[in-house]
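Right, one structure below, let's go through it.
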Amino acid sequence: MATNEKLGSKKIEQTEEKENFVTKAFSFFNKYSNLIYGILLAIVIIALGYVIFNKFYLQKKNAEASSMMTQPINWLMAGDTASLNMALDGNDEYSGFLDIASSYKITKTANTAKYYAGLCYLKLGQKDEAMDYLKKFKKKEDVLWYACQATIGDLYDEQGDESKAISYYEKAIKSKDPYFTPITLFKLGQMYERKGNWSKALDAYQTIEEKFYTEYQKMGIGQYVERAKAQAGK
């Protein structure tokens, strides 16, 4: 009997707690209803504004910038000094990557233009400028972004900064690109060899074997695997 009384008392207490919570919630809402409605309205306005901005302004500007990229890309592909300079600066008829990047700053195409500008500077031998623009390239286009990280790794390797080179190569190998990913893995393996980290070098070479076997055979990675195994004692 005492047990039943305790259970009944407990249920009453729980019911009262729920009622108190509901009462407090209604009281809070009634007290701050204008503020709550104002916040909700602000959220709706911001969301709607973003949709309108994206659809009627940003997409239009991005399409406009994209239409301007063809000629500077052609100049970049030509690869001679005069063409590379025009790819960067444009001419009287066409804009170059630098103008596109600065004039359409918030668009995806402007971001891509920074990457291509970095490649132009690299081909011109202006490596400080190349590094600057390559680092400005944001991760919006995965394939190009991973290739960009590998290129930055190359530049740090040339500077003798092995730690930073390894850091950027490790970002680049997260790509699944069948061409540059195995090449970057090989470079990473070579970097680990130089640092005497044979276990990590072996991991890099074996990743090529496991995930990019065709390139593994073409690149003759087998000999590096055997050497790394011997050095790592495996």
On a heavy-atom basis, which atom in Tyr104 and which in Ala110 lie closest, and how many Å separate them? O-CB, 2.7 Å
If every non-hydrogen atom of Tyr133 is compared with every non-hydrogen atom of Lys114, which pair is closest and at what distance? CB-O, 3.5 Å
Polar side-chain atom of Asn85 near backbone of Thr81 as donor-acceptor pair, under 3.5 Å: yes
Keeping the roles fixed (side chain from Ser175, backbone from Ala172), state whether a donor-acceptor pair exists under 3.5 Å. no
Does the side chain of Gln126 come within less than 4.5 Å of Leu84's, by heavy atoms? no
Glu215/Phe186 under side chain to side chain contact (heavy atoms under 4.5 Å, CB included): CA gap, chis, key distance, verdict: CA-CA 11 Å; Glu215 293 302 316; Phe186 177 72; over 6 Å; no
Give a yes-or-no answer on whether the side chains of Thr181 and Asp177 include a donor-acceptor pair shorter than 3.5 Å. no
State, to 0.1 Å, how close Lys176 and Phe212 come at their nearest heavy-atom pair, and which atoms those are. O-CE2, 3.9 Å
Just wondering, do Ile166 and Lys195 contact through their side chains at under 4.5 Å, heavy atoms? yes
Correct closest heavy-atom pair for Gly118 and Ala130 would be O-CB, 3.4 Å
Under 3.5 Å: donor-acceptor pair, side chain of Asn111, backbone of Lys138: yes
Any chance NZ of Lys211 has more than 12 other-residue heavy atoms, nucleotides or ligands included, within less than 6.0 Å? no
Shortest non-hydrogen separation from Gly189 to Ala201 and the atoms involved: O-CB, 3.5 Å
I need the minimum non-hydrogen distance between Met219 and Ile183, along with the two atoms involved. CE-CA, 4.1 Å
Is a side-chain donor-acceptor pair under 3.5 Å present for Gln190 with Tyr205? yes
Counting only N and O atoms by type, is there a donor-acceptor contact under 3.5 Å from the side chain of Ser103 to the main-chain atoms of Ile100? no
Is the backbone of Asn62 close enough, under 3.5 Å, to the side chain of Ser66 for a donor and an acceptor to pair up by distance? yes
